[in-house]
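Since we're looking at a predicted model, the values are computed, not measured.
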Amino acid sequence: MNPASTVFPAKPAWEREDTSRIPFQTYTDEQVYQRELERFFYRNHWCYVGLEAEVPNPGDFKRTVVGERSVILTRDAEGGIHVVENVCAHRGMRFCRERHGNRKEFVCPYHQWSYTLKGDLQGVPFRRGVKQDGQVHGGMPADFKTADHGLTRLKVAVRGGVVFASFDHDVEPFEDFLGPTILGYFDRMFNGRKLKVLGYNRQRIPGNWKLMQENIKDPYHPGLLHTWFVTFGLWRADNKSQLRMDARHRHAAMISTRGTGGKAEQVTQVSSFKETMQLNDPSFLDIVPEPWWNGPTAVMTTLFPSVILQQQVNSVSTRHIQPNGHGSFDFVWTHFGYEDDSEEMTQRRLRQSNLFGPAGFVSADDGEVIEFSQQAFESKPFHRALAELGGRGVEDTEHMVTETLIRGMYRYWREVMED
């Protein structure tokens with residue numbers, strides 16, 4: 001039986017597009033989770049693995065994941081970018097333990113099989129056996145070929161200094177995967193300027209991985225949950241805004257232009273608005289518009305299933321979703337700037353990055369609500385969540401008082417999971 005069909009009960013064709021009610025079992029069922037890994041992370045999809053700036057020199061590598069599978073992003077001696085699976089072709093050991101480093105080759109410590117940075121097998125100890133008392137003992141079979149036993153290589157796409165990879169070598173071109181609308185927002189941030197890594201945040205959130213995709217497809221909550229956003233006007237319901245999706249509704253962009261902040265009818269009549277709240281350090285709101293913004297002060301782009309691209313005023317980062325079980329995922333921020341940034345802009349980006357990460361003025365709230373939601377889902381898996389703000393349909397909008405992006409994501413989820 002298809003596990004997805006036990007989550008969203010079978011409906012007449014005309015009802016199948018209604019994804020405004022999401023069963024809790026979507027977040028708690030282990031069979032569903034395993035099917036998600038196979039269908040979203042290992043087949044037919046591009047997944048984020050890192051930035052070229054993280055491996056700037058020949059021999060540099062970064063260990064990361066696609067789904068639950070450990071992979072290594074490398075730069076070879078000729079400057080080429082590769083992604084290989086961190087699984088020795090001999091006995092299956094995860095041989096690379098460091099998160100970052102520089103190597104001329106990879107050597108599995110178990111039996112010392114060695115590989116090039118492209119993943120080719122180049123050395124097998126005792127391949128031709130061991131000579132003793134005039135006889136050769138052991139060795140690999142005569143027809144053993146190193147070319148047949150390299151590391152698993154992933155298909156790689158690099159655009160604007162960002163690296164994506166797929167286990168599926170028949171996956172559609174990266175640009176088609178994003179579609180023209182979302183590709184436009186991707187190119188807005190990654191416009192050809194060389195990137196400069198500023199630092200990392202990392203946390204493990206005890207919640208289903210989809211909840212973070214939902215969180216950044218949910219413009220309803222920022223002006224209600226986040227005191228910082230609603231009080232200082234960075235993101236709230238009366239800001240000029242747009243919501244955009246690709247044709248299949250899997251990717252989305254939430255676009256907002258900052259207002260003046262302060263008190264306003266309706267949107268500040270919430271407990272999270274603190275009219276008298278002031279900053280001890282006003283430089284956190286030292287916001288300098290940049291030409292590449294082309295108007296909006298914030299664009300949050302979700303690329304399904306693996307990454308969020310964040311531009312919140314001068315703070316820019318990638319947020320990598322790394323699932324590890326149906327009820328947990330690692331969340332890794334890579335904060336970056338551009339090589340041609342002034343020192344003042346670099347410091348501004350670093351200051352504003354304090355809004356985000358595990359203890360961020362804003363993001364700490366998101367980690368908590370995801371954890372508390374997962375706890376409720378586990379205790380009552382037969383229940384469902386509701387996503388009906390703005391109706392039950394799926395469409396782009398010119399406002400953020402809607403849950404259309406969440407409904408769109410689950411329409412795509414059902415399409416793939418129930419196929």
Keeping the roles fixed (side chain from Ser114, backbone from Gly123), state whether a donor-acceptor pair exists under 3.5 Å.
-> yes
Would you mind reporting whether Ile72 and Leu151 have side-chain heavy atoms less than 4.5 Å apart?
-> no
Determine the sole option in Met417, Arg250, Arg35 for which the side-chain contact (heavy atoms from CB on, under 4.5 Å) test with Phe40 is passed.
-> Met417
His90 side, atom NE2; Trp113 side, atom CH2 - distance, nearest 0.5 Å = 5.0 Å
Just by distance, do the side chain of Arg407 and the backbone of Ala387 share a donor-acceptor pair under 3.5 Å?
-> yes
Will you find, in the side chains of Glu214 and His221, an N or O donor that is under 3.5 Å from an N or O acceptor?
-> no
Can you find a pair of side-chain heavy atoms, one from Trp292 and one from Arg188, that are under 4.5 Å apart?
-> yes
Spacing of Glu403 atom CD and Thr19 atom OG1 [to the nearest 0.5 Å] = 11.0 Å
To the nearest 0.5 Å, tell me how far Lys210 NZ sits from Asn215 CG.
-> 14.5 Å
Less than 4.5 Å apart, any side-chain heavy atom of Pro219 and any of Leu243?
-> yes
Under 3.5 Å: donor-acceptor pair, side chain of Ser363, backbone of Pro358 | no
Between Val163 and Leu51 the two heavy atoms that sit nearest each other are CG2-C, 4.3 Å
Interatomic spacing from OG1 in Thr302 to CD1 in Ile182 - rounded to 0.5 Å | 7.0 Å
Considering non-hydrogen atoms only, spot the tightest contact between Met93 and Pro109 and give its length.
-> CE-CG, 3.4 Å
Donor-acceptor under 3.5 Å (Glu395 side chain, Thr404 main chain) | no
Verify whether one side chain among Gln34 and Glu30 offers a donor that lies under 3.5 Å from an acceptor in the other.
-> yes
So, does Arg153 use its side chain to make a donor-acceptor pair with the main chain of Lys118 at under 3.5 Å?
-> yes
Evaluate salt bridge (Lys or Arg N to Asp or Glu O under 4.0 Å) for Lys194 paired with Glu52, printing each intermediate quantity in order.
-> CA-CA 9 Å; Lys194 286 193 173 181; Glu52 281 194 286; over 6 Å; no
State, with a plain yes or no, whether a side-chain heavy atom of Leu303 is found less than 4.5 Å away from one of Leu309.
-> yes
Could you tell me whether the side chain of Asp168 and the main chain of Tyr42 form a donor-acceptor pair under 3.5 Å?
-> no
Does a donor on one side chain sit under 3.5 Å from an acceptor on the other, for Tyr185 and Gln311?
-> no
Quick one: do the Ser283 and Asp281 side chains pair a donor with an acceptor below 3.5 Å?
-> yes
Hey, do the aromatic rings of His249 and Tyr412 have their centres closer than 6.0 Å?
-> no
In sequence, state the C-alpha distance, the side-chain angles, and the governing distance for Thr334 and Tyr48, and then conclude on side chain to side chain contact (heavy atoms under 4.5 Å, CB included).
-> CA-CA 12 Å; Thr334 302; Tyr48 171 83; 4.2 Å; yes
For residues Ser306 and Trp46, determine if any side-chain heavy atom of one lies less than 4.5 Å from a side-chain heavy atom of the other.
-> no
N/O donor-acceptor pair under 3.5 Å between His100 side chain and Glu54 backbone | no
Scanning both residues in full, the closest heavy-atom pair of Phe304 with His45 reads O-CD2, 4.2 Å
Contact summary for Leu211 and Gln374, nearest pair of heavy atoms | CD1-OE1, 3.7 Å
Ring centers of Phe61, Phe106 separated by less than 6.0 Å | yes
Would you please say whether a donor-acceptor pair under 3.5 Å links the side chains of Asp396 and Gln242?
-> no
Ion pair Asp341/Arg348, N-O distance below 4.0 Å | no
Nearest heavy-atom neighbours spanning Pro305 and Ile321 | O-CD1, 4.1 Å
Sub-4.5 Å side-chain heavy-atom contact between Arg258 and Ile287 = yes
Will you find, in the side chains of Asp29 and His326, an N or O donor that is under 3.5 Å from an N or O acceptor?
-> no
Would a line drawn from the ring center of Phe336 to the ring center of Phe190 be shorter than 6.0 Å?
-> yes
Can a salt bridge be assigned to the pair Asp187 and Arg159 using a cut-off of 4.0 Å between side-chain N and carboxylate O?
-> yes
Looking only at heavy atoms, the pair that brings Trp413 and Val32 closest together is CZ2-CG1, 3.7 Å
4.5 Å side-chain heavy-atom contact, Met254 and Ser241 | no
Roughly how far, to the nearest 0.5 Å, is the CZ atom of Arg351 from the CG atom of Leu285?
-> 10.5 Å
Are the side chain of His383 and the backbone of Pro381 linked by a donor-acceptor contact shorter than 3.5 Å?
-> no
Out of curiosity, Asp218 CG to Met409 CE, how far, rounded to the nearest 0.5 Å?
-> 11.0 Å
Step-by-step side chain to side chain contact (heavy atoms under 4.5 Å, CB included) determination, His335 to Asn201 = CA-CA 8 Å; His335 302 280; Asn201 291 117; 2.7 Å; yes
Would a distance-only check, ignoring hydrogens and angles, find a side-chain to backbone donor-acceptor pair under 3.5 Å from Asn314 to Val288?
-> yes
Count the heavy atoms belonging to other residues, nucleotides or ligands that lie under 6.0 Å from CZ of Phe144, then report whether that count exceeds 12.
-> yes
Side chains of Gln203 and Trp333: donor-acceptor distance under 3.5 Å anywhere?
-> no
In this structure, which one of Phe41, Tyr27, Phe331, Phe329 forms a ring-ring contact (aromatic ring centres under 6.0 Å, His included) with Trp209?
-> Phe41
Classify the side-chain pair Ser317/Gln310 by whether it contains a donor and acceptor separated by less than 3.5 Å.
-> yes
Electrostatic pair Arg244:Glu398 at N-O distance under 4.0 angstrom = yes
Considering only heavy atoms from C-beta outward, does the side chain of Val156 approach that of His82 to under 4.5 Å?
-> no
Is the ring centre of Phe186 less than 6.0 Å from the ring centre of His251?
-> no
Any chance you could lay out the side chain to side chain contact (heavy atoms under 4.5 Å, CB included) test for Val55 and Ile81, step after step, and finish with the verdict?
-> CA-CA 9 Å; Val55 289; Ile81 294 290; 3.9 Å; yes
Short side-chain to backbone donor-acceptor contact, Thr74 and Leu117, under 3.5 Å | yes
Would Arg127 and Thr146 count as a side chain to side chain contact (heavy atoms under 4.5 Å, CB included) if you check the C-alpha gap in whole Å, the side-chain angles of each, and the deciding distance to 0.1 Å?
-> CA-CA 10 Å; Arg127 177 183 173 185; Thr146 56; 3.6 Å; yes
